[in-house]
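Working notes for the structure below.
In what follows, every heavy atom counts, from backbone to side chain, and hydrogens, waters and symmetry copies are set aside. Quantities reported herein were computed from a predicted structural model and do not represent experimental measurements. This chain uses plain numbering: 1 for the first residue, then up along the sequence.
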Amino acid sequence: KVLCLTPDGGILWAAPLKPNALYSEETSTNPVMKQLKNGHILVVEQMVRKIDDTLFYPFSPPIILRAPLHYFNIIQLNGADGKLLWQRSYQCPTITNTNVAPGFIPEVKSITELPDGRISLCADMYWPQDNVRFYEHKVLSRRAVNFIMNNDGYVTNCIAYYPQNNSCSL
């Protein structure tokens, strides 16, 4: 929940953040918040789904994505009244049954508003290195990843940083 307080400590408004019952907040990481130039508030939480997910594509057998599944849940609130303006959720690469050590939690570390109003989210996460379909990745490398979003929260660019033949983190 996000609270907006009055100067004397009273509650002006409160906004819940949980997207739905299938997902829970990752309690080992902290949400990241930033008030934008237009007064709106951007909140990014790390969420986890602890049950498998199933994808269905025409003319293909069902694809099972094994839990835990990690997501970046991004919410923009109106700074004046706390009303939800938009919400986006982006699934991180699945790390179950890969070279990633169990227990790793992808995490957004910073929010930056760019001069043109776009948003930069910098995250510490594992990024796929093998050239296979997104649900078949087995080889990932730790990267500093910069997601560039437009004003409506849609990713328009993604840049992964790492030293050659190595990995890095934020």
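The shortest non-hydrogen separation linking Phe147 to Cys158 is CE2-SG, 3.7 Å. Nearest heavy-atom pair, Leu84 versus Leu77, reported as atom, atom and distance to 0.1 Å: CA-CD2, 4.0 Å. Residues His40 and Gln76 share a closest heavy-atom pair of CD2-OE1, 3.5 Å. Minimum interatomic distance between Ala80 and Leu12 (heavy atoms only, all atoms of both residues): O-CD2, 4.4 Å. Minimum interatomic distance between Gly79 and Trp13 (heavy atoms only, all atoms of both residues): O-NE1, 3.3 Å. Leu140 approaches Pro93 most closely through the heavy-atom pair CD2-CB, 3.9 Å.
To the nearest 0.5 Å, atom OG of residue Ser141 and atom CD of residue Gln129 are 4.5 Å apart. With rounding to the nearest 0.5 angstrom, the CD1 atom of Ile41 is 10.0 Å from the CG atom of Leu85. Residue Lys50 holds its NZ atom at 4.5 Å from OG of Ser24, rounded to the nearest 0.5 Å. Taken to the nearest 0.5 Å, the NZ atom of Lys109 stands 5.5 Å off from the CG atom of Asp124. With rounding to the nearest 0.5 angstrom, the CD atom of Glu45 is 10.0 Å from the OG atom of Ser89. Interatomic distance, CG of Asn73 versus OH of Tyr23, reported as 9.5 Å (0.5 Å rounding).
Hydrophobic clustering, with ILVMFWY side chains joined whenever heavy atoms are under 4.5 angstrom apart, keeps Trp127 apart from Ile148. Met47 and Leu22 fall within the same hydrophobic cluster, where Ile, Leu, Val, Met, Phe, Trp and Tyr residues are linked whenever their side-chain heavy atoms come under 4.5 Å apart, directly or through other members. Hydrophobic cluster membership differs between Met125 and Tyr71, with clusters built from Ile, Leu, Val, Met, Phe, Trp and Tyr side chains linked at under 4.5 angstrom. The cluster map of Ile, Leu, Val, Met, Phe, Trp and Tyr, joined by side-chain heavy atoms under 4.5 Å apart, puts Phe56 and Leu69 in different clusters. Clustering ILVMFWY residues whenever any of their side-chain heavy atoms sit less than 4.5 angstrom apart, transitively, puts Phe72 in the very cluster that holds Val155.
Remark: the backbone N or O of Ile51 is paired with a side-chain donor or acceptor of Arg49 at under 3.5 angstrom. Using a distance-only test at 3.5 Å, with no hydrogens or angles considered, a donor-acceptor pair links the side chain of Asn150 to the main chain of Tyr154.
Pairs engaging residues 77-102 under the salt bridge (charged side-chain N to carboxylate O under 4.0 Å, His left out) rule: none recorded [sequence neighbours left out]. The stretch residues 78-111 participates, sequence neighbours left out, in these ring-ring contact (aromatic ring centres under 6.0 Å, His included) pairs: Phe104-Tyr126.
In this structure, the side chains of Leu42 and Met33 stay at 4.5 Å or more apart for every pair of heavy atoms. Here the side chains of His70 and Glu26 are in contact, with some heavy-atom distance below 4.5 Å. Within the 4.5 Å cutoff, the side chain of Val132 has heavy atoms near those of the His137 side chain. A 4.5 Å side-chain heavy-atom check between Val43 and Val2 finds at least one atom pair inside the cut-off. Between Leu121 and Ile74, some side-chain heavy-atom pair lies under the 4.5 Å cut-off. Residues Leu55 and Leu65 have side chains in contact (heavy-atom distance under 4.5 Å, counting atoms from C-beta outward). Side-chain contact between Ile111 and Ile119 is present, with heavy atoms from C-beta onward closer than 4.5 Å. Under the 4.5 Å side-chain criterion, counting only non-hydrogen atoms from C-beta, Leu5 is in contact with Ile11.
With respect to the salt-bridge test (charged N to carboxylate O, under 4.0 angstrom), the residues Lys138 and Glu136 do not qualify.
If you check the side chains of Asn146 and Ser120, you find a donor sitting under 3.5 Å from an acceptor. Residues Thr29 and Gln46 have side chains that bring a donor and an acceptor to within less than 3.5 angstrom of each other.
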Would you please test Met149 and Thr156 for side-chain contact (heavy atoms from CB on, under 4.5 Å) and show each step? CA-CA 5 Å; Met149 301 182 333; Thr156 59; over 6 Å; no

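In summary, of the residues considered (Asp53, Asp52, Thr96), a side chain to side chain donor-acceptor pair (under 3.5 Å) with Arg66 occurs for Asp52 alone.
In the displayed structure, Asp116 atom CG is contacted under 6.0 Å by more than 12 heavy atoms of other residues, nucleotides or ligands.
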